[in-house]
Amino acid sequence: KTALILTASIALSPTLIYWSRFVRHDFLVLSCWLAMLFAITHLKGGWRNFVFISFFSLQFTIKENSYITFGLLLAYLFYEATILKIVDKYQESYLSGSLLHIKRSGLIILFSLLSGVIIYCYFYSAGFQYLQGILDGLYRKSLVYWADQHSKSRIPGPFIYQFMILSWYQAPFILLLLYQTFNFYVAKSWSWKWPALLALTVAICLRIAPSTGLIEAFKWQFSMDHYLFLFLLLQGIVVTTWHILKREKVLAFFCYGFFSCFFTYSYVGEKVPWLALYPFVMGLIYFALYFDKNIFVHRRRQKYFTVALLAFCLWSLRISLITNYSRAGKASEYLAQVHTSKEYEEIAKKIVTELDAPHRGIKPTILNYRENNWPLSWYLYGRPEYVYLVKNHDPASFDYIFDQPY
């Protein structure tokens with residue numbers, strides 16, 4: 001039943017369908033995540049190392065938020081190890097298990113790492129033709145680029161932006177989060193409830209007497225930002241710790257993965273809708289495991305929950321049809337906020353037509369400035385008449401010039 005629920009949630013998800021249709025980078029990264037998960041849970045021996053490391057390296061070449069993934073993963077390994085060392089030093093942590101595995105499989109892991117390095121170098125050097133791209137992607141330009149994106153926020157938005165995206169397109173998912181929160185605290189002792197009450201008190205105090213320093217540091221732009229900020233931070237720590245202490249290692253890992261992704265991609269400076277995919281996918285897995293353990297074991301709860309899930313599926317199907325077909329790409333859809341306008345697309349297609357069927361055999365020349373590189377190159381990349389490196393070119397010699405804004 002859990003597998004069927006997960007399958008339905010993925011198959012009917014408005015956002016997953018939308019971004020898979022547009023071959024967005026993040027959907028490919030998530031595919032690599034699932035391949036890595038498959039390697040850990042199903043493969044044995046050397047294949048486990050080879051597949052895991054190869055797909056980790058591949059997702060790094062697809063999108064550089066792999067730095068975030070790696071950082072969050074390391075943080076969990078050390079956090080779990082620290083908690084277990086304090087309260088249950090005889091239970092093996094993922095960190096100690098991983099170190100032991102590396103010690104036993106050193107040669108195989110070395111070979112797998114070599115494979116990962118080759119994959120990384122091949123893609124970042126454009127097939128070994130642009131060798132400086134290897135170091136640029138590793139640290140020289142990538143980290144600087146990410147820091148710059150976060151600081152200037154070309155597409156700004158409040159901390160609750162991803163919550164708003166999920167609330168509209170994945171409303172059942174948010175309802176599951178609220179129910180899981182209620183279900184978690186209702187049966188817990190006050191020793192687990194007081195951190196939540198403390199966080200709520202702090203949030204109310206910040207609302208009454210806002211701190212300018214905190215607002216600037218955490219990029220709070222909306223009156224509800226600090227509520228979600230404290231909720232994700234607290235809930236991630238408290239519930240993850242609970243699962244660790246209960247020896248529910250898999251639940252602890254995916255709980256941490258969900259809340260850490262939700263918090264991190266809410267905090268990053270540039271707000272774009274596809275980043276909501278990360279907490280959504282991690283949350284789907286966590287909720288499926290959590291409800292399988294806490295809800296489906298009770299027959300009465302299971303009956304009501306099954307009816308609710310069927311209603312959620314029908315709602316998701318409706319929103320999926322609206323988002324991906326009847327209103328696909330319309331300005332009324334939040335997912336389309338970073339798309340080019342219809343007029344821009346028509347101009348690009350007109351130029352493509354002129355290049356394919358030139359008047360009197362003369363093809364137009366196109367000069368592309370600055371941020372137009374991103375949308376226009378999708379239509380004209382590889383055409384010799386298309387120039388996007390403006391040095392040593394006289395603008396007066398071009399038939400079309402694309403300048404800001406687009």
Q) Do the ring planes of Y286 and Y290 sit parallel (below 30°), tilted (30 to 60°) or perpendicular (above 60°)? A) tilted

Q | Considering all heavy atoms, the nearest P358-L355 contact | A | CD-O, 3.7 Å

Q: Report yes or no: is the cationic atom of K188 (NZ for Lys, CZ for Arg) closer than 6.0 Å to the six-membered ring centre of F184, at no more than 45° off its axis?
A: yes

Q.
Which residues pass the side-chain contact (heavy atoms from CB on, under 4.5 Å) test with F52, not counting sequence neighbours?
A. M36, A39, I40

Q) Between E346 and K350, is there a salt bridge with N-O shorter than 4.0 Å? A) no

**Q.** Nearest-0.5 Å distance that lies between atom CG in N65 and atom OG in S142
**A.** 11.5 Å

(Q) Under the criterion ring-ring contact (aromatic ring centres under 6.0 Å, His included), I'd like the reasoning laid out for F173 against F258: C-alpha separation, chi angles, the key distance, then a yes or no. (A) CA-CA 12 Å; F173 179 80; F258 165 56; 5.7 Å; yes

Q. Side-chain contact, heavy-atom cut-off 4.5 Å: Y278 with V29?
A. yes

Q. For the residue pair L6 and A288, what are the closest heavy atoms and their distance?
A. CG-CB, 3.7 Å

Q: Please check if any side-chain donor atom of S66 sits under 3.5 Å from a side-chain acceptor atom of Q59, or the reverse.
A: yes

Q. Do the side chain of D225 and the main chain of P158 share a donor and acceptor less than 3.5 angstrom apart?
A. no

Q | Heavy-atom neighbours of M282 CE exceed 12 at 6.0 Å | A | yes

Q) Near K85 NZ, under 6.0 Å, is it more than 12 heavy atoms from other residues, nucleotides or ligands? A) no

Q: Look only at the side chain of Y256 and the backbone of L72, and say whether a donor-acceptor pair between them is shorter than 3.5 Å.
A: yes

Q: Would you please classify the geometry between the W274 ring and the W19 ring as parallel, tilted or perpendicular, with 30° and 60° separating the classes?
A: perpendicular

Q) Would you call D399 and K363 a salt bridge, using N to O less than 4.0 angstrom? A) no

Q | Whether over 12 other heavy atoms sit under 6.0 Å from F111 CZ | A | no

Q: Quick one: pull up SG in C255 and CD1 in I237 and give me the separation to the nearest 0.5 Å.
A: 11.0 Å

(Q) Check this for me: F128, atom CZ, are more than 12 non-hydrogen atoms of other residues, nucleotides or ligands nearer than 6.0 Å? (A) yes

**Q.** K349 to Y379 six-membered ring, cation-pi geometry met (6.0 Å, 45°)
**A.** no

Q | Test side-chain contact (heavy atoms from CB on, under 4.5 Å) applied to S13 - qualifying residues, sequence neighbours left out | A | T15, L16, Q170, F280

(Q) Using 30° and 60° as the class boundaries, would you call the ring planes of W168 and W315 parallel, tilted or perpendicular? (A) perpendicular

Q: Examine distances only and state if a side-chain atom of T323 and a backbone atom of I319 form a donor-acceptor pair shorter than 3.5 Å.
A: yes

Q | Nearest-0.5 Å distance, CZ of residue F402 to CG of residue L380 | A | 7.0 Å

Q.
Around atom CZ of F253, are there more than 12 heavy atoms from other residues, nucleotides or ligands closer than 6.0 Å?
A. no

Q: Sort out for me which residue in I118, I119, V117 forms a side-chain contact (heavy atoms from CB on, under 4.5 Å) with C121.
A: V117

Q. Looking only at heavy atoms, which two atoms of L230 and A199 are closest? And how far apart?
A. CD1-O, 3.7 Å

Q) Can you find a pair of side-chain heavy atoms, one from L376 and one from Y344, that are under 4.5 Å apart? A) yes

Q.
Run F263 and F229 through ring-ring contact (aromatic ring centres under 6.0 Å, His included) and show every step you take.
A. CA-CA 7 Å; F263 181 88; F229 182 96; 4.9 Å; yes

Q: Quick one: sort the H226 and W220 rings into parallel, tilted or perpendicular, breaks at 30° and 60°.
A: tilted

**Q.** Whether S125 side chain and L131 backbone form a donor-acceptor pair below 3.5 Å
**A.** no

Q: Evaluate whether atom CZ of R140 has more than 12 neighbouring non-hydrogen atoms of other residues, nucleotides or ligands under 6.0 angstrom away.
A: yes

Q: Could you tell me whether the side chain of L12 reaches within less than 4.5 Å of the side chain of F312, counting heavy atoms only?
A: no

Q) Any ion pair linking R383 and D356 (charged N to carboxylate O, less than 4.0 Å)? A) yes

**Q.** Heavy-atom side-chain contact between Q91 and K249 under 4.5 Å
**A.** yes

Q) With a 4.5 Å limit on heavy-atom distance, are the side chains of F222 and F159 in contact? A) no

(Q) Is a donor from one side chain sitting under 3.5 angstrom from an acceptor on the other, for E354 and Y400? (A) yes

Q. Are E92 and L100 side-chain neighbours, meaning at least one heavy-atom pair lies under 4.5 Å?
A. yes

Q: Flag yes if more than 12 heavy atoms outside F78 fall under 6.0 Å of its CZ atom; otherwise flag no.
A: no

(Q) Just so I know, are the side chains of E80 and T240 near enough to count as touching, which here means a heavy-atom distance under 4.5 Å? (A) no

Q: For residues H101 and N49, determine if any side-chain heavy atom of one lies less than 4.5 Å from a side-chain heavy atom of the other.
A: yes

